[in-house]
Amino acid sequence: MLHVRVRSPSTLGFATARIQFNRMSKTRFSVKPIQSKTEIPTSDPDPNPGSENGSAAELRVFSRRKRVKRTEEVQKLQLEAKPIAQKLAVLPDIEEFAYKKLNTSTNSIDTGKPPANWEKVLDGIRKMRSSEDAPVDSMGCEKAGSSLPPKERRFAVLVSSLLSSQTKDHVNHGAIQRLLQNDLLSADSIDKADEATIKSLIYPVGFYTRKASNLKKVANICLTKYDGDIPSSLEELLSLPGIGPKMAHLVMNVGWNDVQGICVDTHVHRICNRLGWVSRPGKKQKTSTPEQTREALQLWLPKEEWDPINPLLVGFGQTICTPLRPRCGLCSVSEFCPSAFKEASSPSSKSKKSGSNKKL
DNA sequence: ATCCGGTTAT
DNA sequence: ATAACGGGAT
């Protein structure tokens, strides 16, 4: 067992992190405030204690029993301890935080076992999402055509999915509204309509030229093969131009209430990896594509959650766990997140003094 | 791996 | 003035 001492340069004094080092690559961190100075700063065997620049949190590794042999091991531990140091250095109130247990959970992942604390995390995210103030809550594809009869609603969901890829929710919402107002939200009417008309109505969704063309084809297929309805199986949906795995699962979920798989978009993909909920099969690496994430997530997430996980994480990703500068300071489950405060955080977490967390 | 477009945040 | 946003097809 090693101790890591962390000092925040901007405020706050010290805390120690105790690191238990299991040889099976499972590393656990727990944090306690420093009690006395009876700690023995033995040897300080490494001349470069994580010092990248003067403003970074100071970090020292020392051992009670001098079990630490050589610099390699020490360096490795420092690397593992660094997130803690950063987290502590950034945190507004070190006292409060220092008492919490830092479960940088070592997730089972590829064994198909659920990661530690996943229920707490999910619950915490649900609470953060209860205000329903994310774009997806009002303008997601799943809302499309909610006032229409079932068949028309399903078609609206399909169209909305088709248009929504690579475009913001509100832009897509606008396009759907325009189609609706022009009675162009049914297979029949779209099949008859001029492609240029479609194109101008759906502008400015991303890639509107191709989408207009895809929309015409899809409408025709729906009309001739499915009597104006949409395909009801995953395979058939995937065969439609412009419908890939993400949209196919979305349509199965919200269009047919038939959950065949998790709808993994960029938010779900990113957040699951930040939480350490997924990994490449056999590896401890992060998944590199949404499809890998879907398969890994499906290994352990209970099926009741397959459908709700998407709107939950999408909204969370739009408001708090953003792709860039995640607002870890506003996140109530950061204590369970291995990635918390690892990326440059948003100015919303109060650390305006001494820009010490500029680019850690 | 690259292309497909426009909008919004930095 | 850029870079980032967000999936599918080749």
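Chain letters run A, B, ... following the sequence lines, proteins first, then strands; residues in each count from 1. Keep in mind that the numbers below use all heavy atoms, side chains included, and drop hydrogens, waters and symmetry copies. These numbers come from a predicted model, not from an experiment.
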What nucleic acid atoms does A:His170 come within less than 4.0 Å of, heavy atoms only: base, sugar-phosphate, or nothing? sugar-phosphate
What heavy-atom pair brings A:Cys272 and A:Leu297 nearest, and what distance separates the two atoms? SG-CD2, 3.7 Å
Please state the P separation for the pair C:dG6 and B:dT10 - nearest whole angstrom. 12 Å
OP1 or OP2 of C:dC5 under 4.0 Å from side-chain N/O of A:Lys168: no
For A:Tyr208 and A:Leu324, find the nucleotide of DNA chain B closest to each by heavy atoms; which residue's nucleotide sits nearer the 5' end? A:Tyr208
Base, sugar-phosphate or nothing for A:Leu163? Non-hydrogen atoms, less than 4.0 Å. nothing
Identify whether any heavy atom of A:Gly206 sits under 4.0 Å from a base atom; if not, whether one sits that close to sugar-phosphate; answer base, sugar-phosphate or nothing. base
Non-hydrogen atoms of A:Leu148 and A:Ala156 that approach each other most closely: CD2-CB, 4.5 Å
Nearest-angstrom distance, P atom, C:dA1 to B:dG5: 24 Å
Starting at atom CD of A:Glu291, determine the distance to atom C1' of C:dG7, rounded to an integer number of angstrom. 11 Å
First contact, last contact: which nucleotides of DNA chain B are these for chain A, 5' to 3', heavy-atom distance under 4.0 Å? B:dC4 to B:dT10
Using the C1' atoms only, state how far C:dT10 lies from B:dG6, rounded to an integer number of Å. 22 Å
Let's go through A:Asp229 and A:Arg154 carefully: what are the C-alpha distance in whole Å and the side-chain angles of both, what is the deciding distance for salt bridge (Lys or Arg N to Asp or Glu O under 4.0 Å) to 0.1 Å, and is it a yes or a no? CA-CA 7 Å; A:Asp229 208 331; A:Arg154 283 193 291 272; 2.7 Å; yes
Tell me whether A:Arg126 is salt-bridged to A:Asp123, with the criterion being a basic N under 4.0 Å from an acidic carboxylate O. yes
d(CZ, A:Arg325; P, C:dA3) in whole Å: 13 Å
A:Gln292 versus A:Arg280: any side-chain heavy-atom pair under 4.5 Å? yes
Mind checking if A:Thr209 touches a base, just sugar-phosphate, or nothing, with heavy atoms under 4.0 Å? sugar-phosphate
From CZ of A:Phe207 across to C1' of C:dG6 the rounded distance in Å is 8 Å
Tell me what A:Asp265 touches on the nucleic acid: a base, only sugar-phosphate, or nothing, going by heavy atoms under 4.0 Å. sugar-phosphate
Checking all strands, does A:Pro323 fall into the base, sugar-phosphate, or nothing category for heavy-atom contacts under 4.0 angstrom? sugar-phosphate
Sub-3.5 Å donor-acceptor pair from the side chain of A:Lys211 to the main-chain atoms of A:Gly206, do we have one? yes
